[in-house]
Visitor: 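My structure is below; once you've seen it, I'll send some questions.
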Amino acid sequence: MKTKDIQKIIKGCIDANTKAQHKLYELYAPKMMGLCFRYTKNQADAEDVFQEGFIKVFEKIHQLQNMEMVEWWIKKVFINEALQLLKNRKKLNFADEYNYTNLTNRGAEEILGKLGVEEITKIIQELPSGMQMVVNLYIIEGFPHKEIAKLLGISEGTSKSQLHDARKILKQKLIQHY
Amino acid sequence: MEENLHNEFFDELLRSKYQNQTAQPPKHLWDNIQRAIPGAPVSAKPWYLSKSFILALIVTAAMSMAAILLYNFYLKPRTNPINSWLEKNEILLNSPAREKKTTPKIILSNPSLKKTTHSIMKSSSVISPYGSKKFGEAEVPRKIIQNTSNQTQKTVTLLINNTIGLRQAYEQALLTKRIPTSVIKSISIIQHKGLFLPALSPAEIYTLRPPMKVNIIPQKLVKIAKRQKAHKKKRQSLPHPLSLEFYWMPEYSYRVLAQNPGYAKGAFNPSYFNSRDRYKFTYSYGLLLAYEVRPKLYFETGLSYYSYALTFKTESANLIKKDEYNMLIYTSSGSVNLNIVSSDSLSPNTLLKSSMSLSYISLPIMVKYYPFDNLFLNAGLSFEYNIVQSLNWDAENQKGDFRMTSGRVNGVGRFNISFIFGPGYEQKISKHISFSMNPSIRVHLMNLNPHNTVKSYPFTTGFRLSIKYVF
């Protein structure tokens with residue numbers, strides 16, 4: 001879709017135009033639903049985050065400064081919403097110790113290459129919520145540790161160690177799964 | 001080192017898996033979202049505010065106007081039914097004034113005389129329902145006289161058959177005179193020898209077509225016919241029913257506020273805005289087409305521009321700060337996002353003044369009634385569509401160096417319906433042009449912004465100045 005069309009849709013959303021809101025929804029709903037699955041543990045939670053995320057998007061769309069960054073902005077709203085859900089349910093935990101065995105990297109990578117997105121998502125969902133967040137934010141979204149620490153309310157060191165552990169666990173789970 | 005490389009490869013592989021990840025959300029989620037977001041669902045909108053209805057209304061109005069114009073200029077018959085009815089009954093009404101102008105022409109049905117027209121009737125009265133009858137005079141067509149005078153061998157008698165069944169016989173010698181009779185239905189020329197008339201063997205019968213019947217007309221109908229005739233005369237002196245009007249109206253605009261039950265009673269309530277809002281003068285103008293649907297009653301429609309404006313004052317302490325340069329301000333028309341273009345900061349006492357205007361394009365559908373010749377009353381609805389919003393903000397601090405720009409008032413409805421009414425005075429300048437003055441009130445029937453903390457119903461009072469061209 002052209003930038004001009006997206007700008008028109010956003011202007012319509014600012015005016016609370018229902019048609020524009022529906023267009024924006026159609027444009028980003030599939031991507032955001034995928035994101036919600038990654039950040040939550042089950043379908044019901046994903047749907048909750050998805051619903052609340054879009055409501056926030058429509059409520060706060062007038063705050064959008066740079067229209068070219070709309071997807072990034074929407075993504076951030078959804079990530080915040082997922083975090084909020086975990087915080088509200090007090091499910092955001094960062095495991096101090098986790099038992100895993102050291103595996104050869106190559107084995108895990110080969111398996112990762114063969115698996116589909118849904119299977120990988122299920123494996124990521126099995127991680128402790130804190131690790132799941134760090135994996136999503138660092139590996140998939142590309143956030144730096146500094147920003148992740150700020151978002152999750154942890155230190156940068158914790159973010160790094162959580163990522164380190166998460167990689168190991170993921171590799172172990174991938175091999176177990178295979 | 002090697003582990004780092006492997007980690008990067010692992011991360012890259014994982015990221016690539018999710019690069020285009022999508023999942024279809026269940027359909028019911030959109031319904032839930034739609035119910036929760038500020039924009040009301042389409043189905044919740046009243047039908048008369050739907051885009052399609054307003055579009056249909058505009059198209060219908062445009063088509064009606066086109067049809068009226070087409071009818072008036074191309075299709076309208078030159079004689080209307082009333083006129084033809086009066087023509088037909090002229091003879092019954094027997095207006096002496098009318099008689100002077102035109103004498104009814106009657107065509108004889110005899111083939112040889114088919115193309116000849118004759119003045120035949122000079123009746124002077126109507127046969128009333130009460131039996132009083134006055135015979136008029138009939139002039140026998142000259143052609144018939146010529147025909148009969150050629151037949152010198154025989155005695156020729158004319159038998160005049162009138163509509164009430166009387167047959168009157170006249171000798172040839174009388175043919176040049178006017179014969180006292182009622183209305184002639186047919187004339188029979190009878191040739192005979194001697195004094196006796198043969199019973200039923202006329203040589204020629206001239207039937208007058210159409211037969212000039214003397215109807216027995218109830219008095220009431222006569223009165224109605226007279227009234228219609230009088231109206232016709234008056235109408236002839238009246239202007240064309242179609243007129244085009246251009247108007248310009250300076251207006252004073254303000255609004256009425258009420259608490260919006262959808263929002264909690266907080267700081268931004270009607271009394272807050274009442275102490276800060278000030279009226280503003282605006283204007284409207286437009287082109288209207290009026291058509292006389294009944295005597296003194298006109299239907300009016302067209303296209304016009306209308307603007308609603310307001311001045312709003314607030315202290316910077318009442319602004320909700322979002323970040324260093326962006327602020328949210330509440331007005332009676334809705335919330336506004338402000339972007340400050342200044343390196344200086346606002347003090348809590350800084351007074352900010354804004355002027356806001358909403359411009360509409362409108363389609364009025366009005367009726368105009370003239371109880372007296374020059375005085376009229378008009379009333380109707382105006383269907384309006386918001387085309388432009390403009391906002392200007394100034395800081396009234398001592399330095400006066402703040403400049404603020406803003407986008408628009410959030411959530412103002414695009415459509416509106418207003419009720420317009422007012423009396424007026426019209427003065428004719430020439431045969432086709434007249435000037436009118438019309439104090440007018442416009443009231444919004446719809447809340448300006450359903451997503452605002454208060455309900456706002458704008459109204460304007462103005463003085464319409466129009467110039468009208470009658471076709």
Side-chain angles (χ1 to χ4, degrees), chain A residues 11-22 25-26 29-38 43 46-48 50-59 61-63 65 104-106 108-109 112-113 115-121 124 135-136 138-142 163-164 167 170-171 174, chain B residues 2-45 51 322-323 325-326 328 334-337 339 386 389 406-414 449-452:
Chain A
K11 276 180 185 168
C13 291
I14 292 170
D15 291 343
N17 179 309
T18 316
K19 274 189 180 172
Q21 287 171 339
H22 192 241
Y25 176 86
E26 280 185 330
K31 276 186 187 176
M32 295 308 134
M33 193 71 214
L35 181 142
C36 291
F37 278 125
R38 282 204 312 274
Q43 170 97 18
E47 285 183 9
D48 277 356
F50 178 83
Q51 195 171 302
E52 292 306 313
F54 261 113
I55 292 167
K56 280 268 162 65
V57 164
F58 291 129
E59 278 176 353
I61 197 148
H62 59 270
Q63 294 176 4
Q65 300 290 320
T104 55
N105 284 316
R106 188 170 291 173
E109 284 149 9
L112 185 63
L115 290 179
V117 173
E118 282 182 15
E119 287 164 303
I120 301 168
T121 306
I124 292 175
V135 166
N136 274 314
Y138 185 87
I139 301 178
I140 298 163
E141 316 298 353
L163 180 69
H164 179 263
R167 279 200 194 102
L170 270 177
K171 285 171 186 174
L174 283 167
Chain B
E2 194 188 343
E3 195 185 343
N4 277 349
L5 279 171
H6 277 292
N7 282 345
E8 275 176 28
F9 181 64
F10 180 81
D11 290 357
E12 192 55 47
L13 201 60
L14 194 61
R15 197 176 295 128
S16 68
K17 287 274 175 186
Y18 283 104
Q19 210 158 36
N20 296 312
Q21 186 213 5
T22 57
Q24 213 51 47
K27 279 184 181 173
H28 70 271
L29 289 180
W30 170 241
D31 297 332
N32 296 347
I33 293 163
Q34 210 182 14
R35 271 195 291 274
I37 54 179
V42 175
S43 56
K45 236 182 194 180
K51 265 186 186 174
K322 291 193 296 180
D323 55 48
Y325 297 107
N326 297 300
L328 187 71
S335 62
V336 179
N337 296 100
N339 299 312
N386 177 224
Q389 275 194 29
S406 58
R408 51 198 294 124
V409 182
N410 302 318
V412 170
R414 282 278 189 192
N449 187 347
H451 312 299
N452 196 19

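Within every chain, numbering begins at 1; the chains are lettered A, B, ... in the order of the sequence lines, protein sequences first and strands thereafter.
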Visitor: With rounding to the nearest 0.5 Å, note down the distance linking NE2 in B/His28 to CD in A/Gln51.
Guide: 7.0 Å
Visitor: Check whether any side-chain heavy atom of A/Tyr25 sits under 4.5 Å from a side-chain heavy atom of B/Leu29, and report yes or no.
Guide: yes
Visitor: What's the spacing between A/Ile124 CD1 and B/Lys17 NZ if we round to 0.5 Å?
Guide: 11.5 Å
Visitor: Among A/Thr121, A/Leu35, A/Val57, single out the residue with the greatest number of heavy-atom pairs under 4.5 Å to chain B.
Guide: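 Sorted descending by pairs with chain B, the first entry is A/Thr121.
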Visitor: Quick check on the interface: out of B/Val412, B/Asn410, B/Leu14, who has the most heavy-atom pairs with chain A under 4.5 Å?
Guide: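 Ranked by contacts with chain A, first place is B/Leu14.
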Visitor: Below 4.5 Å, heavy atoms only, C-beta onward: do B/Ile33 and A/Phe58 meet side chain to side chain?
Guide: yes
Visitor: Tell me the closest heavy-atom pair linking A/Gly34 and B/Ala23, and the distance in Å.
Guide: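 The answer is N-CB, 3.9 Å.
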Visitor: Looking at residues at least two apart in the chain, or sitting in another chain, which of them share a ring-ring contact (aromatic ring centres under 6.0 Å, His included) with B/Tyr18?
Guide: none
Visitor: Going by side chain to side chain contact (heavy atoms under 4.5 Å, CB included), name the residues that satisfy it together with A/Gln43, two or more places apart in sequence or in a different chain.
Guide: A/Phe37, A/Glu47, B/Pro26
Visitor: For A/Glu118, I'd like to know if atom CD has over 12 heavy atoms of other residues, nucleotides or ligands within 6.0 Å.
Guide: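 Open: at most 12 neighbouring heavy atoms sit under 6.0 Å from CD of A/Glu118.
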Visitor: Roughly how far apart are A/Asn17 CG and B/Arg414 CZ, rounded to 0.5 Å?
Guide: 8.5 Å
